[in-house]
Protein chains: 2
Amino acid sequence: MLSKKTKYGLKALTFIARVEGDSPVQVGEIAKGENIPQKFLESILLTLRKSGILGSKKGKHGGYYLRKPPSEILMTDVMRVLEGPIAMVPCVSLNFYEKCDDCPDEHQCSVHKLMIQVRDSTLKVFRNTTLEDLSI
Amino acid sequence: MLSKKTKYGLKALTFIARVEGDSPVQVGEIAKGENIPQKFLESILLTLRKSGILGSKKGKHGGYYLRKPPSEILMTDVMRVLEGPIAMVPCVSLNFYEKCDDCPDEHQCSVHKLMIQVRDSTLKVFRNTTLEDLSI
DNA sequence: ATTAATCCTATCAATTTAATAGGGATTACA
DNA sequence: TGTAATCCCTATTAAATTGATAGGATTAAT
């Protein structure tokens with residue numbers, strides 16, 4: 001299941017990408033427009049800013065803006081920041097690899113084999129989709 | 001993340017598919033062979049039996065067996081029984097559809113759009129993989 | 001100064017997950 | 001016929017995660 005955090009985060013990014021005048025977009029505006037609890041959204045946008053996907057401007061007339069054009073923001077990056085590993089099990093994760101504590105040998109593990117395929121097919125989608133695609 | 005339930009369930013099915021003499025395979029045997037807590041595994045196999053994927057024989061020398069040859073057991077069915085919906089959000093699920101409470105219009109929703117692609121690519125893998133593929 | 005925004009930390013309730021416990025029902029077989 | 005081995009079923013629990021809220025600190029425009 002996609003977490004609400006990720007869902008809200010994706011919606012917020014799309015919202016910002018769609019607005020794009022030059023001035024930053026405020027949390028309250030996004031929260032209202034997308035039916036997202038404002039305080040929750042605040043923490044999500046903070047995460048996106050710390051990861052470098054968003055920039056922010058503080059104080060009055062502040063808000064959030066994209067650090068790159070939507071066409072250069074890949075879903076692989078967004079999803080890893082918001083949802084964490086793309087793989088369904090750590091033992092097939094490219095960026096968050098961990099060995100299973102059961103499982104003496106990965107290469108004989110049926111789950112491993114299946115989950116590599118799922119990971120690759122999901123990656124293909126995320127690598128092939130940018131924020132621009134979402135906001136059209 | 002794949003739940004342990006699903007992981008254990010897949011391992012158990014593979015184990016049974018690999019053994020296949022004619023006599024049913026016992027929970028204890030699987031638990032030992034795959035490092036799975038026995039009581040937990042019991043409940044998982046029970047689920048698989050109730051869904052029709054496994055059959056069982058009670059009493060001494062009892063155990064579980066596959067109801068169909070491994071080559072006819074599709075991952076779509078197994079995954080839906082063990083893990084639930086294949087889609088990451090209910091609003092793109094084929095078998096467990098639910099409308100989002102936020103989201104006035106699905107067809108304008110960026111998350112929806114992305115998650116349909118993920119669902120389709122994952123489905124392609126599961127529809128194209130049988131238990132036989134896993135147990136080779 | 002005042003106002004309006006982001007930033008940050010802590011907390012909380014609800015849910016889900018992973019596992020355990022304890023016994024009931026059924027069957028093989030001595 | 002009795003006993004051991006096995007599946008069957010329900011209930012409980014501890015830990016982790018999720019989704020959300022609260023309260024205020026900091027920053028910047030006017």
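Note that the coordinates shown come from a computational prediction; the quantities given were computed from them, not determined experimentally. The sequence lines fix the lettering, A, B, ..., with proteins before strands; numbering per chain opens at 1. The analysis underlying the following values was restricted to heavy atoms, covering all of them including side chains, and did not include hydrogens, waters or symmetry mates.
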When you measure from the side chain of B:K57, which nucleotide among D:dC9, C:dA28, C:dC7 comes out closest? C:dA28
Send over the distance from B:K5 NZ to D:dA16 P, rounded to a whole Å. 21 Å
Please compare A:K4 and A:K60 by the position of their nearest nucleotide in DNA chain D and report the one closer to 5'. A:K4
Atom pair distance, as rounded to whole Å: CD1 in B:I44 and P in C:dT20: 12 Å
Does D:dT6 have its OP1 or OP2 closer than 4.0 Å to a side-chain nitrogen or oxygen of B:Y64? no
If you compare every side-chain N and O of B:S56 against the phosphate oxygens of D:dT6 (OP1, OP2), does one of them come in below 4.0 Å? no
D:dA20 phosphate, OP1 or OP2, under 4.0 Å from A:Y8 side-chain N/O: yes
Please report the distance, rounded to the nearest Å, between CG in B:L46 and P in C:dA19. 17 Å
Taking only N and O in the side chain of B:R49, is any of them less than 4.0 Å away from OP1 or OP2 of D:dC8? yes
Please give, in whole Å, the distance from C:dA18 C1' to A:D102 CG? 13 Å
According to a strict under-4.0 Å criterion, is B:H61 in side-chain N/O contact with OP1 or OP2 of C:dC29? yes
Test B:V111 against B:V92 for side chain to side chain contact (heavy atoms under 4.5 Å, CB included), laying out the working first. CA-CA 10 Å; B:V111 178; B:V92 302; over 6 Å; no
Rounded to the Å, how far apart are B:N35 CG and C:dA19 P? 12 Å
Reading DNA chain D from 5' onward, which residue's closest nucleotide shows up sooner: A:K58 or A:L2? A:L2
Backbone N/O of B:T130 and side chain of B:D133: donor-acceptor pair under 3.5 Å: yes
What are the two closest heavy atoms between A:T122 and A:I86, and how far apart are they? CG2-CG2, 4.0 Å
Would you state whether a donor and an acceptor, one from the side chain of A:E42 and one from the base of C:dC7, lie under 3.5 Å apart? yes
As a test of reading the structure: which of D:dT6, D:dA20, C:dA18 is closest to the side chain of B:Q26, going by heavy atoms? D:dT6
Scan A:K7 against the nucleic acid and name what it touches under 4.0 Å (heavy atoms): base, sugar-phosphate only, or nothing. nothing
Give the rounded distance in Å between these two atoms: CG of A:L41 and P of C:dA5. 14 Å
In whole angstrom, what separates B:L45's CG from D:dT6's C1'? 13 Å
Nearest whole angstrom, please: distance from the C1' of D:dT18 to the CE of B:M1. 15 Å
Do NZ/NE/NH1/NH2 and the carboxylate oxygens of A:D102 and B:K7 come within less than 4.0 Å? yes
What is the nucleic acid contact for B:G28, judged by heavy atoms within less than 4.0 Å: base, sugar-phosphate only, or nothing? nothing
Decide if atom CZ of B:R67 counts as having more than 12 heavy atoms of other residues, nucleotides or ligands within a radius under 6.0 Å. no
Under 3.5 Å, is there an N or O donor on one side and an acceptor on the other linking the side chain of B:K39 and the base of C:dG22? yes
Under a 3.5 Å cutoff, is there a donor and acceptor pairing between the side chains of A:E98 and A:S93? no
